Amino acid sequence: MNSSVQPDGTAGKRPDRVAAVRRRLAKHGPPRKPDGGPDFATVTLPERDCDQVRDLLVKERVGTVVEIGLAYASSALAISEALLRTGSRNPRHVVIDPFQYTAYDGVGWELLRSAGLDDIAELVTEPSQRFLARLADAGFSADAAFVDGSHHFHNVFVDLHFLGEIVRPGGIVLLDDVWWPSVSAAVAYFETNLGWRPIPGAPADGTTDPAGSRPRTGAYRLPDPRPTPDFKEFRPFC
Ligand SMILES: C[S@@+](CC[C@H](N)C(=O)[O-])C[C@H]1O[C@@H](n2cnc3c(N)ncnc32)[C@H](O)[C@@H]1O
C-alpha cells in the first residue's frame, strides 16, 4: 500500500508510525550498536535538521527521492515520512549505502523495516558513484535527492553530476555537511557553472556550525530546462 490512506480509511497513520520510530531513534539511539560500528551521534543527521528535510520535501510534494548514505537511518526515516505525508500515489525512496551491512550490521535498514517502509524504500549496497551512473543510464527520474554519503570531494562531485541527470529539471538536491570544504567546493561547481540555485530560506531553522554562521545542510533547485554548458564558458568555482 503506497499512500498514507489505510485500509480502514484513516489517513496519516503510516507517517505517524514513521515519526514515532524517528523520535525513538533520536531520543534513545539505535536499538543495537554493531561491534565497532560508527558512533550514532557523530554520523547521524540531527533531529532538527531531519525535520527541516522532511518539511521541505513535503512542501515540494515529492514522490520519488534518491538518498545517499543510510547509516542508522535518521535522515532516511525523515525522507520516507515526507514521502508518505505528501500522499503520493507511488512513493519511491532509493537508498544507497555500500557499508550498511559491513559497518552498520543492517541496523538502519532494520529501522526502516520496523517503520513499515520496505514497500516504498529500496536499499542498494554499492557505492553511489557507480550505482548512480547506471540509474541515470536507465532513465530513472526523481523529484529530489539527499546527499550524505562519501564526503571526499571527488565522490561528492560525481554524485552531484549524476544527480543532475536523475533529478528532474526544477527538482531539488539537499546536502548534509556543506560546512565541510570538500562538500561545499563540489556543490560550488554546480552553482557557479550549471545554474543550481540555493533555495531561499532553506534550511529555515537547521543546525549551524559552532560560530553560528554556516548552516549544516544546503538545498538547491536545479534549473529548468537542463543546461547544456559550453566548456569555453567555464567559470572557476573555488
Ligand atoms: C554521515 S553517514 C549518513 C548519516 C545519515 N544520513 C543519517 O542521518 O543517519 C554517511 C554514510 O555514507 C555511507 N557512504 C560512505 N561512502 C559511500 C559511498 N561511496 N556511496 C554511498 N554511501 C556511502 C556510509 O556508509 C555512511 O552510512
Side-chain angles (χ1 to χ4, degrees), residues 18-19 21-57 65-83 93-115 117 121-136 142 144-163 166 173-180 182-184 186 203 206-207 215-219:
V18 178
V21 174
R22 204 153 82 69
R23 267 197 307 276
R24 213 162 36 242
L25 176 63
K27 195 162 174 201
H28 303 294
R32 63 193 170 80
K33 169 136 175 349
D35 269 354
D39 175 56
F40 173 69
T42 306
V43 297
T44 208
L45 186 71
E47 190 178 19
R48 186 167 140 196
D49 298 285
C50 286
D51 288 346
Q52 299 280 310
V53 168
R54 176 202 57 199
D55 292 348
L56 181 57
L57 294 177
V65 179
V66 174
E67 176 172 14
I68 303 173
L70 175 59
Y72 296 110
S74 295
S75 54
L77 286 162
I79 291 166
S80 276
E81 184 191 332
L83 281 163
H93 185 180
V94 178
V95 189
I96 309 168
D97 196 324
F99 305 118
Q100 174 58 201
Y101 289 102
T102 51
Y104 295 90
D105 198 26
V107 171
W109 183 243
E110 279 169 31
L111 278 161
L112 290 181
R113 287 177 58 99
S114 77
L117 293 166
E122 46 204 293
L123 172 64
V124 176
T125 53
E126 61 180 293
S128 51
Q129 297 74 40
R130 295 177 193 284
F131 179 70
L132 289 178
R134 295 212 310 281
L135 206 57
F146 180 71
V147 181
D148 189 16
S150 164
H151 287 45
H152 287 284
F153 167 82
H154 52 278
N155 286 334
V156 181
F157 186 89
V158 171
D159 285 343
L160 297 181
H161 166 69
F162 286 113
L163 288 174
I166 291 165
V173 173
L174 309 167
L175 297 100
D176 186 24
D177 291 326
V178 287
W179 53 17
W180 286 106
S182 59
V183 177
S184 64
T207 310
R216 173 183 176 126
T217 58

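The structure displayed is predicted, hence computed values, not measured ones. FYI, the numbering just counts along the sequence from 1. As the structure lists them, so they are numbered: ligands from 1, and atoms in each ligand from 1.
Summarising the geometry, atom CG belonging to Asp49 is positioned 11.0 Å from atom CG belonging to Leu174; distances are rounded to the nearest 0.5 Å. Remark: Arg22 CZ to Ile79 CD1 distance equals 10.0 Å, nearest 0.5 Å. Note that CD of Glu81 is 7.5 Å distant from CG of Asp51, once rounded to the nearest 0.5 Å. Atoms CG and CD1, from Asp159 and Ile68 in turn, are 3.5 Å apart once rounded to the nearest 0.5 Å. Between the NZ atom in Lys33 and the OH atom in Tyr104 there is a gap of 10.0 Å [rounded to 0.5 Å]. With rounding to the nearest 0.5 Å, the separation of OG in Ser128 from CG in Asp97 is 8.5 Å.
Contacts between Asp148 and ligand 1 below 4.0 angstrom, taking non-hydrogen atoms only, involve backbone and side chain alike. Looking at Gln129 against ligand 1, only its side chain comes within 4.0 Å, counting heavy atoms.
Polar contact check, His151 against ligand 1: no nitrogen or oxygen pair lies under 3.5 Å apart. Inclusion of Ser128 in the set of residues having an N or O under 3.5 Å from an N or O of ligand 1 is warranted. Here's the thing with Ala71: one of its N/O atoms is less than 3.5 angstrom from an N/O atom of ligand 1. Considering backbone and side-chain atoms alike, Phe146 places every N or O at 3.5 Å or more from each N or O of ligand 1. Ligand 1 has no N or O atom lying under 3.5 Å from any N or O atom of Asn155, backbone or side chain.
Nearest protein heavy-atom contact of atom 17 (C) of ligand 1 is Ser150 N, 3.6 Å. When only non-hydrogen protein atoms are considered, atom 1 (C) of ligand 1 lies nearest to Val43 O, 3.2 Å. Counting only heavy atoms of the protein, atom 25 (O) of ligand 1 lies nearest to Asp97 OD1, 2.7 Å.
One finds no salt bridge joining Asp148 and Arg216 here, because no Lys/Arg side-chain nitrogen approaches an Asp/Glu carboxylate oxygen to under 4.0 Å.
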Kindly indicate, with the supporting measurements, whether the criterion side-chain contact (heavy atoms from CB on, under 4.5 Å) is fulfilled by Leu77 and Leu117. CA-CA 9 Å; Leu77 286 162; Leu117 293 166; 3.9 Å; yes
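Selection from Gly69, Gly149, Pro127, Pro98 by nearest heavy atom to atom 21 (C) of ligand 1 gives Pro98.
Side chain of Arg48 to backbone of Gly206: a donor-acceptor contact under 3.5 angstrom is found. A donor-acceptor pair under 3.5 Å is formed between the side chain of Gln100 and the backbone N or O of Ala71. Between the His151 side chain and the Gly149 main chain, a donor and an acceptor come within less than 3.5 Å of each other.
Within the structure, the closest approach of Ala103 to ligand 1 does not fall below 4.0 Å when heavy atoms are considered. Residue contact annotation: Phe131 has no non-hydrogen atom under 4.0 Å from ligand 1.
Numbered from 1 in the order shown, with element, the atoms of ligand 1 that lie under 4.0 Å from a heavy atom of Ile96 read 21 (C), 22 (N). Remark: ligand 1 atoms within the under-4.0 Å shell around heavy atoms of Tyr104 are 25 (O), 26 (C), 27 (O). Each of the atoms 15 (C), 16 (N), 25 (O) of ligand 1 lies under 4.0 Å from some heavy atom of Phe99. Listed by number with element, the atoms of ligand 1 under 4.0 Å from a non-hydrogen atom of Ser75 are 5 (C), 6 (N), 7 (C), 8 (O).
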